[in-house]
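Okay, structure first, notes after.
This is a predicted model, so every value here is computed, not measured.
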Amino acid sequence: MSRSWTTSWRGAAAQAAELAITGIAADSDLYATLRDGSLLAEQTDEDAEPATPQELVAAAQADYGRLLALLYDNGYFGPTLKITLDGVDAAAIPPVQPPRRIDRAVITVDPGPKFRFGATRIAPVAPGTELPDGFAAGETASLGVLKETVSAGVSGWRDVGHAKAALADQDLVAKHRERQIDAALRLAPGPKLRFGALTVTGNEDVRTARLIEIAGLPHGEVFSPEELELATERLRRTGAFDAVALIEADRIGPNDTLPITAQVTEAPKRRFGFGAELSSLEGLTLSTFWLHRNLLGGAERLRLSAEIEGIGGNSGGEDYTLSARFERPATFNEDTDFYALATLEQLDEVNYFSRQLDLEAGIERIANQNRTYSAGLGLRVAETEDAFGTNQYTLLTLPLGPSSTTATMSWTRPMAITSTPASRPLSLCRGLKAGCAAILMRATTAASGRSAR
C-alpha cells in the first residue's frame, strides 16, 4: 500500500508537487516513522514554505542516509531504498543543475525482514551499571539500543573514576536465516583517574584565581562526572559568563591525573533596565535597576534598584523604594555566597505612614539546584504614623531558613508577634526576608514620650 499527497507552491513559478511513499503499509508504525524523518515529506507538506527544485533534489539525496538510518534503528538491516523525482533517480541528478520543474517524487521502500537480538553481551561492566532493557535476546535489533548500551557501559565506568572508558571492540553477526543479530561489545575502562589542574581560557576581566575558586573542582580527588557538572553550574550561576564549558584533556596527565580546561565567554559587565505598570486602583508604578556583574574582578554582583508606586492611585499616597544588593560567590566555600543589602523605603498607605531603613548581611548556602538556605544579621530603623500616634523603633533581625520562605516574626511595644507568609504583608514588616526571630533593641512612643520595656 502507498500514500500520497499534494501541495501547491506559491512561488514565482507556481506548481503542484506530489510525494508518494510505496512498499509499506500507510497505516503502519514504520510508515509514520519514515514519513516523519523524511526531508522530502517536510518540503512537500501543505503547511511548508514553497521549495525550489534545487531544494527538493537536495532533500531527496539527503533522505537516502536519513531513511536508511531509521530502517536500521528499527531492526531492518537488509532494506532496499530508491527515491525518484519525475522518474529519475535522485542520486543521479546534479544538485547544481536541477530540473526546472518537479511534479512527482516517489520513495520506494522494501524493508526486508525484521531482525531481533540473539546472543547479547557487554563486558566488563562497572558495578551498579544499568543497561537498557532492549539489549536482550528477542528484542528488536536496534542501532539506537546498541548506542544506548555502549553509552550506559561507558558512563558506569566514568561514574567510578575511569574517565577514559571507551568501546574497545564490537562484534555484530547477522544470522539471516534466523533473522537475528548477535552482539558482543567489549569495553576498555582505562585507569582510575584523579582531577588534575584546572586551566582557564577566555576570561578577560574575571581573575583566574577567583574563577578556579568559584568552580571548586576538587583537585587531587577521584574523577567524577557529577563534580564536573557541579563546577560548570557554579560558574554559570554567577551570571558573569555567557558560556561555560569544562573540557577534559585528551591525554592522561602525570600520576593518573586528568587536566581540565575551563573555557568561558564573559557576559557584558553592566546591565540597565526599567519598567512601568498601570493599575486602575494603585495608579502608575515606575521601576528601574542598574546591575554590575563583575564589580571587583571576582564575579561579584551589585544591583541598584529604585521604584515609585501609587502615582495617581486611590490607595493612599506615593511609595518610594531604593535598594542596593551586593553578592560575592564562593566566599567561604564553593557553595556558599556572601550578600549584603540595604533598603530605604517610604510607605504612604491609607491607614498609616512609615519610613524605614533595612540593613542586612549574611550568607546563602546552595544545597542543590532547587534548594538554597540563608542566614544573616539585619538592622531595621523605622518611624511610623497611624491613628495611635508616632512610633520609632529599631529592630535587630536574624533572617534564617530557605530562601523561598517569607514568614517573619517581630517584637515591638505593645508586645506582638506577627506572622506574614504573603510576599507583600500589610504590616510594618514589609520587605523583611525569611526570619526566625527579631530582637527589640529600642522602641519609643512619641505620643507618650515613654520608652518601651
Side-chain angles (χ1 to χ4, degrees), residues 126 151 154-166 188-271 291-303 325-339 363-374 403:
S151 178
V154 170
S155 296
W157 282 114
R158 284 174 56 83
D159 289 341
V160 293
H162 297 259
K164 293 303 180 181
K192 195 171 188 176
L193 303 180
R194 294 174 291 108
F195 281 115
L198 177 62
T199 304
V200 180
T201 63
N203 58 317
E204 297 178 0
D205 297 316
V206 180
R207 299 189 303 273
T208 298
R210 274 294 290 156
L211 198 149
I212 294 175
E213 184 179 357
I214 293 170
L217 202 64
H219 181 270
E221 295 188 10
V222 175
F223 171 85
S224 168
E226 183 179 358
E227 287 292 342
L228 206 61
E229 293 176 3
L230 285 175
T232 303
E233 177 60 28
R234 292 181 188 118
L235 292 173
R236 287 173 178 165
R237 73 185 177 215
T238 64
F241 309 102
D242 278 338
V244 177
L246 265 62
I247 302 174
E248 304 170 23
D250 293 332
R251 296 184 178 181
I252 298 175
N255 302 318
D256 288 339
T257 58
L258 183 64
I260 305 295
T261 299
Q263 293 184 353
V264 300
T265 301
E266 294 185 358
K269 290 186 294 184
R270 298 171 182 84
R271 182 182 175 189
L291 174 67
H292 199 299
R293 293 187 173 99
N294 186 32
L295 185 66
L296 304 176
E300 302 88 355
R301 292 166 61 92
L302 176 64
R303 181 186 176 102
R325 182 182 177 92
F326 172 81
E327 297 177 359
R328 184 181 188 272
T331 297
F332 299 102
N333 57 52
E334 60 273 11
D335 290 319
T336 303
D337 299 346
F338 169 80
Y339 74 89
I363 59 174
E364 289 185 342
R365 172 70 178 180
I366 297 91
N368 52 55
Q369 292 185 358
N370 301 318
R371 180 65 62 178
T372 301
Y373 299 92
S374 63
S403 61

(request) With sequence neighbours left out, write down each residue that passes side chain to side chain contact (heavy atoms under 4.5 Å, CB included) with Pro259, or none if nothing qualifies. (result) Ala249
(request) Flag the pair Glu334 / Ile214 as yes when at least one side-chain heavy-atom distance between them is below 4.5 Å, and no otherwise. (result) no
(request) Could you grab the distance from atom CG of Asn294 to atom OG1 of Thr238, nearest 0.5 Å is fine? (result) 8.5 Å
(request) List the atom of Pro329, the atom of Ala299, and the distance in Å for their closest heavy-atom pair. (result) CD-O, 3.4 Å
(request) State, to 0.1 Å, how close Ala126 and Gly156 come at their nearest heavy-atom pair, and which atoms those are. (result) CB-O, 3.6 Å
(message) Which residues pass the side chain to side chain donor-acceptor pair (under 3.5 Å) test with Arg234, not counting sequence neighbours?
(response) Asp335
(request) Nearest 0.5 Å please: distance from the CZ atom of Phe195 over to the CD1 atom of Ile260. (result) 6.0 Å
(message) Donor-acceptor check, side chain of Asp256 to backbone of Leu193, threshold 3.5 angstrom: yes or no?
(response) no
(request) Only pairs at least two apart or in different chains count here, so list each side chain to side chain donor-acceptor pair (under 3.5 Å) that has a residue in residues 188-206. (result) Asn203-Thr208
(request) Any pair with a residue in residues 238-251 that passes salt bridge (Lys or Arg N to Asp or Glu O under 4.0 Å), sequence neighbours left out, goes on the list, sorted by first then second residue, please. (result) Arg158-Glu248
(message) Quick check: do Leu296 and Arg328 have side-chain heavy atoms less than 4.5 Å from each other?
(response) no
(request) Tell me, please, which residues at least two apart from Leu295 pass side chain to side chain contact (heavy atoms under 4.5 Å, CB included). (result) His292, Glu300, Leu302, Phe326
(message) Determine whether Ile212 and Val200 satisfy the following criterion, side-chain contact (heavy atoms from CB on, under 4.5 Å), listing intermediate values before the conclusion.
(response) CA-CA 8 Å; Ile212 294 175; Val200 180; 3.9 Å; yes
For residues 216-230, run the donor-acceptor check on the side chains, cut-off 3.5 Å, and write out each pair with its distance to 0.1 Å, sequence neighbours left out.
unit_1: Ser224; atom_1: OG; unit_2: Glu226; atom_2: N; d: 3.3
unit_1: Ser224; atom_1: OG; unit_2: Glu227; atom_2: N; d: 3.4

(request) Identify the two heavy atoms, one from Ala262 and one from Leu211, that lie closest to each other, and give their separation to 0.1 Å. (result) CB-CD2, 4.5 Å
(request) Could you tell me which non-hydrogen atom of Val206 sits nearest to which non-hydrogen atom of Ala240, and how far apart they are? (result) CG2-CB, 4.5 Å
(request) Write out all pairs satisfying ring-ring contact (aromatic ring centres under 6.0 Å, His included) with one or both partners inside residues 229-261, taking only residues at least two apart or from two chains. (result) none
(request) Return the set of residues passing side chain to side chain donor-acceptor pair (under 3.5 Å) with Glu327 (not counting sequence neighbours), or none when no residue passes. (result) Arg325
(request) Would you please name every residue forming a side chain to side chain donor-acceptor pair (under 3.5 Å) with Arg207, sequence neighbours left out? (result) none
(message) Nearest 0.5 Å, please: how far is CD in Gln263 from CG in Leu235?
(response) 12.5 Å
(request) Using salt bridge (charged side-chain N to carboxylate O under 4.0 Å, His left out) as the criterion, list what pairs up with Glu213, not counting sequence neighbours. (result) Arg210
(message) List the residues meeting side chain to side chain donor-acceptor pair (under 3.5 Å) with Thr336, not counting sequence neighbours, and say none if there are none.
(response) Asn333, Arg365
(message) So Ile252 and Pro191, do their side chains get closer than 4.5 Å, heavy atoms only?
(response) yes
